[in-house]
Amino acid sequence: SGGIVFIQDITKVRKLEQIRTEFVSNVTHELKTPITPIRGFIETLKNGAMNNPVVAERFLEIIDIEAERLHELINDILLLSEIETKLKDTNLEIFDLKSMVDDVFKVMQNIAKEKKISLNNNVRDEVLMKANINRMKQLIMNLVDNGIKYNVQNGSVSVDGYREDGKVVISVKDTGIGIPSAHIPRIFERFYRVDKGRSRGMGGTGLGLSIVKHIVNLYNGEIKVNSVVGEGTEFIVKIPCQP
Ligand code: ADP
């Protein structure tokens, strides 16, 4: 049976190597994507477009957007590699979930307003959690951000939170476009997008849900998705957490 274990190990190592190679090639591709227009528009500006202030301003705006995307991408890649190498989180503090969701909403308020999406904090009173606050904010922020991005005008994103069987349950529910069921098993993979063109246009890095999944794993939690195309999506996170 030792031989079988050995063969399984080799298969596992190969599989990991393959995932790693794929990741590096994806990262390279994703990093190049904003750099191409940045260099292109700089070149055009140097070749005379600068003489037309209206055109120049439009090109600078594009360069700015692409540079911002690059910045987000690098931040997400760094964050992912940081949490991936961790087995447990550090800097745990006790905090109130409802006020934390209020803080997250403050950051998201402007993007939500632009898209006419209302944000509802339905977290119950006195749900106390012990965790790394920044990490939990990141988790909720990524889910709310998606809830806003993949929503429709006058839609909403509602966050609920409560205790159940020694776990804190956090639900983030939107009234958006939904996810076709065939795609659901893959949405937590790095850079996986249901609609590549559409998601890129919205400024996503394709890493948001992998970051969420890794944070959930860091706390031995679980995450589930319920989604109906054209009606909306609900992400439910359960994290073991003593009262
Ligand atoms: P992205 O940066 O592209 O949003 P994510 O990892 O956050 O990357 O999500 C992966 C993909 O899952 C998205 O591109 C989108 O197709 C789909 N998705 C995630 N959240 C939602 C949602 N709330 N409603 C509809 N589709 C979603």
Side-chain angles (χ1 to χ4, degrees), residues 19 22-23 26-27 29-34 65-84 101 104-105 107-108 111-112 114-122 135-161 170-218 221-237:
I19 290 173
E22 235 172 77
F23 179 60
N26 276 333
V27 165
H29 174 78
E30 296 290 333
L31 289 174
K32 276 183 178 169
T33 307
I65 290 170
E66 296 298 330
E68 175 56 30
R69 169 184 298 191
L70 202 53
H71 180 88
E72 264 176 44
L73 195 58
I74 291 167
N75 279 346
D76 276 1
I77 292 168
L78 289 178
L79 179 63
L80 198 58
S81 71
E82 187 200 326
I83 49 184
E84 248 181 356
V101 170
V104 171
F105 280 1
V107 180
M108 315 297 296
I111 321 171
E114 267 173 39
K115 288 199 67 185
K116 297 201 164 69
I117 308 287
S118 60
L119 303 176
N120 308 313
N121 184 351
N122 301 330
R135 209 80 78 195
M136 280 301 141
K137 271 190 185 166
Q138 180 86 48
L139 182 152
I140 294 175
M141 185 124 60
N142 287 7
L143 293 176
V144 172
D145 185 47
N146 282 348
I148 297 171
K149 273 197 301 194
Y150 304 107
N151 217 316
V152 292
Q153 267 215 0
N154 300 314
S156 66
V157 180
S158 306
V159 181
D160 195 358
I170 302 169
S171 142
V172 179
K173 193 172 182 178
D174 66 59
T175 56
I177 60 174
I179 306 168
S181 54
H183 291 273
I184 289 186
R186 301 200 59 190
I187 54 173
F188 293 100
E189 290 174 21
R190 301 144 162 163
F191 298 118
Y192 188 83
R193 297 168 172 117
V194 173
D195 181 341
K196 267 204 185 313
R198 181 176 190 150
S199 299
R200 274 232 186 83
M202 288 175 172
T205 61
L207 294 175
L209 287 181
S210 346
I211 290 171
V212 167
K213 176 88 178 169
H214 274 97
I215 296 175
V216 170
N217 287 347
L218 217 47
E222 48 183 316
I223 182 159
K224 282 191 188 142
V225 192
N226 299 318
S227 190
V228 179
V229 171
E231 282 185 22
T233 303
E234 179 180 23
F235 285 90
I236 302 166
V237 174

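Both counts, for ligands and for their atoms, begin at 1 and track the order of listing.
Looking at ligand 1, you'll find an N or O of Leu209 within less than 3.5 Å of one of its N or O atoms. For ligand 1, the polar-atom distance check finds no N/O of Phe235 at less than 3.5 Å from any of the ligand's N/O atoms. Polar contact check, Tyr150 against ligand 1: a nitrogen or oxygen pair lies under 3.5 Å apart.
For NZ of Lys149, the number of neighbouring non-hydrogen atoms (other residues, nucleotides, ligands) closer than 6.0 Å is greater than 12. Counting non-hydrogen atoms of neighbouring residues, nucleotides and ligands closer than 6.0 angstrom, the NZ atom of Lys115 exceeds 12 such neighbours.
Per-residue contacts place Tyr192 under 4.0 angstrom from the following atoms of ligand 1 (heavy atoms of the residue considered): 10 (C), 11 (C). Of all atoms in ligand 1, numbered sequentially from 1 with element shown, those under 4.0 Å from a heavy atom of Arg193 are 3 (O), 14 (O). Residue Ile187 has at least one heavy-atom neighbour below 4.0 Å for each of these atoms of ligand 1: 10 (C), 12 (O). For ligand 1, the atoms closer than 4.0 angstrom to any heavy atom of Gly206 are 1 (P), 2 (O), 3 (O), 6 (O), 8 (O). Of all the atoms in ligand 1, the ones that sit under 4.0 Å from a non-hydrogen atom of Gly204 are 2 (O). Atom numbering of ligand 1 starts at 1 in the shown order; those under 4.0 Å from a heavy atom of Gly208 are 5 (P), 6 (O), 7 (O).
Here the side chain of Asp174 pairs no donor or acceptor atom with the backbone of Val157 at under 3.5 angstrom.
Checked for salt-bridge contact, Arg135 and Glu82 meet the test: a charged N lies under 4.0 Å from a carboxylate O.
Using 4.0 Å as the threshold, Lys149 has a heavy atom nearer than that to some atom of ligand 1. A heavy-atom separation below 4.0 Å is found between Gly178 and ligand 1.
The two atoms that bring Gly155 and Thr175 nearest to each other are CA-OG1, 3.2 Å, heavy atoms only.
Comparing Val194, Asn142, Ile184 by heavy-atom distance to atom 17 (C) of ligand 1, the nearest is Val194.
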